[in-house]
Structure formats: structure tokens, C-alpha cells
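These notes concern the structure reproduced below.
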Amino acid sequence: MIRWTEQCIPTLRNAPQDAEIASHRWMLRAGLIRKLAGGLYTFLPLGLRALRKVERIVREEMDRAGALELLMPALHPRDIWERTGRYEVLQEVMFKIHDRQDRELVLGPTHEEIITDLVANEIQSYRQLPRNFYQIQTKFRDEIRPRFGLMRAKEFIMKDAYSFDVDDAGATASYRKMYEAYRRIFERCGLRTRIVEADTGAMGGQSSHEFMVLAEAGEDGLVECSACEYGANLERAEIGDQPPRVFAEADKPAQAVPTPGRRTIVEVAAFLEVAPEQMIKTLIYQVDDQPVAVLVPGDREVNEVKLAHALAGVTPVLANDAQVEAVTGAPPGFAGPCGLENVRLLADERLHGLRGGVTGANQVDTHLVHVDLERDAAPLHYVDLVTAQAGDPCPRCGAPLQAKRGIEVGHVFKLGTKYSEKLGALYLDESGQQHPCIMGCYGIGVTRTLQSIIEQHHDADGILWPVGVAPYTVEVLIINHAHAPAVAAGEQLARVLTEAGLEVLLDDRDERPGVKFKDADLIGLPVRIGIGEKSLARGMVEMKRRTDGEVTECPPQDVLKTLAAWGIAP
RNA sequence: CGGGGCGUAGCGCAGACUGGUAGCGCGCUUGAAUGGGGUUCAAGAGGUCGCGAGUUCAAAUCUCGCCGCCCCGACCA
């Protein structure tokens with residue numbers, strides 16, 4: 001049992017101005033965290049208790065799934081990152097420091113290299129596999145823009161696990177185990193998550209799934225099918241087949257028309273009185289110093305993640321004005337596929353069979369109408385290049401997709417042998433043959449998960465902690481501190497509940513009842529037990545469930561029974 | 001990295017244009033009353049006005065530099 005007067009729970013009547021989203025405001029107002037600087041937060045006692053609850057759930061489920069906990073350094077020598085080539089890839093997000101010998105060290109943004117190096121040294125035989133190692137540790141990332149409190153911070157706590165298997169079947173089994181463990185973890189945290197297919201990004205590897213907490217404040221866009229189970233991050237979401245785009249007067253020959261000063265899709269469409277979807281947007285990218293023309297429907301946007309995949313992983317960079325002019329012979333705004341030579345052309349699938357289209361003529365102030373791509377442009381390579389949007393057909397079943405926003409709290413990857421090969425994590429099989437381990441990696445943003453719980457569980461008055469992660473389970477609230485019998489009864493009840501094994505916070509402050517009720521709602525412990533003069537006169541205490549406001553009275557000796565009926569057991 | 005905004009008491013803000021040595025609400029301390037949803041009265045404490053230069057008799061206020069924080073954007077022709 002802890003007394004409020006002996007704890008440090010600095011609740012705020014109003015939130016600091018820079019708190020943008022609900023969960024961030026409540027964390028500050030309820031005295032869970034305080035900001036040191038942008039993206040850097042102190043966990044106050046109540047916040048830390050909740051964080052430890054989340055960690056405990058993660059630990060229990062990881063252990064249950066057979067993963068082995070260890071702890072790796074946060075500080076890494078530069079060299080190990082260069083061995084996989086990821087020093088280059090991640091240098092933007094890595095904090096770098098130098099020791100007194102001027103040796104460069106980085107603060108770990110993730111730990112694939114470190115664990116793989118360990119396994120390379122310690123595991124030699126198939127008899128030692130499979131293994132899955134995990135840790136709960138602080139990661140450091142120099143985010144472009146930290147925001148939303150713990151959601152995107154420069155320093156955050158992550159649970160990261162790494163599996164090592166002898167073959168694909170084993171790797172898939174390890175992946176499934178983690179996938180299931182994650183479901184359980186988030187469920188126990190009281191989170192409703194949506195699992196979606198995801199891009200592997202800087203991690204590399206073959207496939208991955210993200211665990212998303214659906215929320216308006218989410219930083220990731222995703223789509224889910226209105227009919228089947230399909231769901232995917234927007235970076236990756238595929239789009240089902242759509243009928244070819246054939247517009248009016250499709251049979252007419254292509255014709256140049258003047259479009260003075262009309263450069264953008266919107267301007268040209270308005271000027272020529274055509275719809276944006278009738279237009280062929282032509283973007284010039286630089287890929288390894290070579291220009292590539294990318295064609296997409298005028299009403300769509302290029303998905304650069306998909307484009308990078310189509311370009312064998314090379315990150316495309318949009319060409320500058322001079323480069324566009326060198327390639328197309330016209331300033332930006334008038335590029336089109338017809339007559340474009342010496343440039344690699346990539347077209348989005350939705351343009352396949354397009355007739356009656358409108359596009360730039362590669363000549364200043366001029367566009368082409370009645371364009372038939374098959375007829376008027378060089379043979380094109382069609383791939384999926386645009387970002388999915390609401391209403392697009394599902395790639396699995398064709399039903400309309402819905403757009404949502406989500407907070408990525410977990411991500412599981414099949415990595416293959418990318419790291420094990422480069423760092424020499426090899427094992428000998430039964431016949432003495434050497435093979436690289438097949439790896440998987442699995443992350444959970446623990447601090448982000450904590451804040452997501454609040455994002456999903458709050459009302460107008462404060463937090464509604466799910467029992468499993470609440471900093472304390474029960475708040476005993478002495479309504480009138482001047483009423484000695486109530487004080488005594490509150491102390492007594494808190495003691496009894498604590499002895500029964502419950503985590504109890506006793507609000508023993510000499511405050512007005514209103515203040516204490518408001519604070520109780522704010523910090524949001526699952527159960528509030530009010531000890532008041534009036535009910536005490538009847539031999540009763542008042543129990544209130546925070547989640548749904550359910551209220552009941554019972555004699556103090558029946559409190560444990562009522563808690564049990566509410567599904568709260570010590 | 002580009003654009004915009006902000007930095008005055010723990011939190012929320014005013015004062016700045018028109019320089020004269022800092023104020024309001026909440027919170028905090030003490031006392032009293034009150035005691036079932038942020039109660040009331042009285043008396044207090046608390047500020048290098050982000051930092052550093054400059055202008056001036058005088059700078060929170062004007063000028064310059066720096067630092068920090070927040071928001072938007074980061075090239076979709």
C-alpha cells in the first residue's frame with residue numbers, strides 16, 4: 001500500500017501547450033511523465049509502474065514462447081555497422097559519439113548486428129538451434145521530428161527478439177510463434193490491434209507484419225478490406241485489378257494542344273476540361289545518376305517504396321528542374337511518355353490499355369490529347385507504382401478497401417540470411433556442411449505501447465487503465481479527511497486489500513472531495529473505493545469501476561468478493 | 001534541411017507596437033471556515049523576463065548573435 005501523501009503524483013489541472021494528442025496530454029496531466037527536452041522524457045513513479053507492467057507482460061509472453069532474455073550494450077563500435085553496410089543506411093538516424101581515443105561509437109538504433117555477431121561466435125552446430133534471443137532495452141534514434149510524447153521519441157524502450165533457425169520451415173515456425181506471442185501481449189495490454197502486411201524498410205528481409213493500434217493520431221496509413229482479412233500498410237498495400245482507362249474520342253490520333261503556363265495536373269485538367277484521372281502524370285526520377293520516367297494516373301500519387309522495389313532497391317530521387325529539362329526538352333510540367341527517348345520508362349499498372357489520355361508533349365506550354373499509350377509511346381513495362389487509397393479494389397477479393405490510421409506498436413520480420421551471411425553466423429549441419437542461420441527479428445515499442453494504451457483507453461476525465469497495466473489496481477479514497485472514522489476505515493481497508501495481495505493507492509490527502517474525485521478519474525485506476533461518512537454510517541463503502549462507471553455499495557469485508565466478481569483477483 | 005511561431009513564477013497566459021525596473025488565473029505556504037465532484041476568506045512565498053552582446057540616463061520591451069521548444073513542409077511537376 002502506498003499513501004498519496006507519500007507518493008509523487010503531480011497531477012496538472014491543465015496540460016502544457018505542446019501536448020498535441022490525447023494520450024500525451026493525459027500522461028502529463030496524470031503525472032506519468034515529464035519532458036526533459038524534445039523526444040526525451042522522465043518516467044515518474046506512476047508512469048514507471050505502468051511501464052513495468054507492460055514489460056512484465058512482454059517478458060512473460062516471450063518466455064512462454066521460448067525466447068531467451070539477454071541484454072546487449074547500447075553503445076556499439078562503428079565497425080560492426082560497417083560490416084553489414086548499414087552504417088550507410090542508418091547513419092542519418094544514428095547518434096554518434098567519440099571516446100577519448102577518438103574511436104567512433106554509435107548509440108544503437110536496433111541490434112541485429114550485435115546479436116548476429118554474438119551468435120556467430122557462440123553457435124556452431126545445428127544442435128544449438130533453433131534459438132530466439134530477446135532483450136528489453138533503450139534504443140536511440142535521431143528522429144527527424146520527435147513528437148506526440150512517447151510516440152516518436154529520440155530515446156525509447158524496445159523489446160527486440162531475434163530468431164536463428166537451420167531452415168526456412170524452422171524460420172517460419174519461429175515467426176509464427178512470435179506472431180502469436182504478439183497477439184497475446186497486445187491483448188493482455190488491453191489493446192485492439194490490426195495486423196497488416198508491411199514493408200521491410202531498412203531492416204531488409206522478405207516479409208513482415210505490423211501490429212497497428214488503430215487511432216486517428218497514428219502516424220502510419222493503412223488499408224483494410226471491407227470484406228476479407230486483407231490489411232496492409234500504405235507503403236506496401238497492393239491494389240486489385242481495375243478496368244483499363246478508356247476515355248472519350250479514344251480513336252482519334254494524338255494531337256498537340258497549347259496549354260500556356262499550365263503545369264500541374266489540376267491546372268491542365270481544368271484548362272482542357274478533362275478529369276485528372278484521364279491524365280498521365282510523368283515524373284522524372286534520378287536513379288543511380290540515370291534518369292527514369294515514371295508514369296502514373298493523374299489522380300494518383302507515386303509510392304516511392306514500391307518504386308524503389310521496382311528499381312531493385314535503389315532509392316529514387318526526384319530530378320531537379322535542370323535534369324527534367326535535359327531529359328524531356330521542356331521545363332517541368334510538360335513531360336510525357338510520347339517521344340521520350342534514351343530514358344527508362346516505368347508505368348503504373350492502371351495505365352495499361354489507357355486510351356484517350358492527356359499528357360505532356362515534352363515541349364513548353366504544350367500537352368497531347370487523345371493519347372493511346374500502346375499506340376503512341378514506346379513499349380512500356382507496367383508495375384504497381386501508386387499508393388492505395390480508400391475505394392480501391394482489394395487485391396485478394398476485389399471488395400473496396402478502407403483507409404485507416406494506425407500506431408505501429410509491433411513489427412515482425414523474416415530476415416533470411418542477410419545478416420548471418422555478412423557477420424558469419426554459420427552452423428554445421430549433420431553432414432558437416434556449413435550454412436548461414438535463417439533469421440527473424442521481432443520488435444515491440446514498449447514505451448509507445450504504453451502510450452497507445454492510453455490513446456485507446458481514456459475519456460473526458462482521464463485515463464481508463466486496463467487492469468493488467470494499471471500502476472495500481474485499487475484506489476481507496478477517504479472522502480472527508482476530517483472525519484476520523486472514515487480515515488480509520490480507509491486505512492484499515494487499504495491494509496486488508498494490500499495483505500490480500502492487491503496493489504493499493506490510498507488517497508489520504510486533506511483535500512476537498514471534489515479534488516480527490518477529479519484526480520481519481522484522471523489517474524484512472526481500475527477501481528475506486530470511496531470511504532465516506534454517509535455510507536459508512538450504513539456500514540458500507542462505495543465501489544466504482546472506472547471503465548464503465550459501474551457503482552455498488554458493500555460492507556468493507558465484502559470488497560474482495562466484489563472485486564472478484566468484477567474479474568479483479570489479487 | 002526549408003518555412004512559420006514561441007521562450008515572462010510549477011502550469012496556462014498578459015505586459016512588448018509607444019523603453020521607466022513585472023502582473024493575472026490556477027497551483028504552492030500559513031491561518032480560519034468548510035467538508036460527497038477542482039469550496040471560500042485572509043495573509044504570504046516564488047521570476048537571472050532563454051543566453052550573450054549592443055543601443056540608451058534607463059531594456060522583458062529596440063538591434064544583432066546564439067540556444068531551446070512547438071507546428072507545418074521536405075520537392076507528386
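Labels below follow one simple rule: chain letters A, B, ... track the order of the sequence lines, proteins then strands, and each chain is numbered from 1. Fair warning: this is a prediction, and the values are worked out from it, not measured in the lab. As a basis for the values below, the full set of heavy atoms in this structure was taken, side chains included, without hydrogen atoms, waters or symmetry mates.
Between the P atoms of B:G7 and B:C62, the separation comes to 11 Å (whole Å). Atom P of B:C67 sits at a distance of 15 Å from the matching atom of B:G52, rounded to the whole Å. Comparing the C1' positions of B:C49 and B:A60 gives a spacing of 5 Å, expressed to the nearest Å. Between B:A42 and B:U34, the distance separating the two C1' atoms is 15 Å to the nearest Å.
Note on A:Lys516: every side-chain N or O is 4.0 Å or more away from OP1 and OP2 of B:G36. Regarding contacts with the backbone of B:G38, every side-chain N or O of A:Arg13 stays at 4.0 angstrom or more from both OP1 and OP2. A sub-4.0 Å separation between OP1 or OP2 of B:U40 and a side-chain N or O of A:Arg512 is absent.
Residue A:Arg147 is classed as a sugar-phosphate contact, given heavy-atom separations below 4.0 Å to backbone atoms only. At a threshold of 4.0 angstrom between heavy atoms, the contacts of A:Gly532 include nucleobase atoms, whether or not backbone atoms are also involved. As judged by a 4.0 angstrom heavy-atom cut-off over every strand, A:Asp510 is placed among the base-contacting residues. When heavy atoms are screened at a 4.0 angstrom cut-off, A:Ala335 is found touching no nucleic acid atom at all. In this structure, A:Asn320 reaches neither bases nor backbone, as no heavy-atom distance under 4.0 Å exists between it and the strands shown. Counting any heavy atom pair closer than 4.0 Å across all strands shown, A:Val324 reaches a base atom. Across all strands, A:Ala19 comes closer than 4.0 Å to no nucleic acid atom at all (heavy-atom distances).
Side-chain proximity of A:Pro16 to B:C75, B:A74, B:C11: nearest is B:C11.
A cation-pi arrangement is not found for A:Arg448 relative to A:Phe156, the charged atom failing to lie both closer than 6.0 Å to the ring centre and inside a 45° cone about the ring normal.
Pair check for B:C75 finds none; no Watson-Crick or G-U wobble contact set falls under 3.5 Å.
Note: CZ (A:Arg29) to P (B:G38) measures 14 Å, nearest angstrom. Summarising the geometry, the separation between CG on A:Asp521 and C1' on B:G36 is reported as 13 Å, rounded to the nearest angstrom. When the C1' atom of B:G36 is taken as reference, atom CG of A:Asp507 falls 14 Å away, rounded to whole Å.
At distances below 3.5 Å, not a single donor-acceptor pair connects side-chain atoms of A:Arg405 with backbone N or O atoms of A:Ala215.
Donor-acceptor pairing under 3.5 Å, judged by distance alone, is present between the side chain of A:Arg528 and the base of B:G37.
In this structure, A:Asp142 does not pair ionically with A:Lys96, as no charged nitrogen and carboxylate oxygen lie closer than 4.0 Å.
Heavy atoms of other residues, nucleotides or ligands lying less than 6.0 angstrom from CD of A:Glu267 number more than 12.
Side chain to side chain, A:Gln451 and A:Ser23 meet the donor-acceptor criterion of an N or O pair below 3.5 Å.
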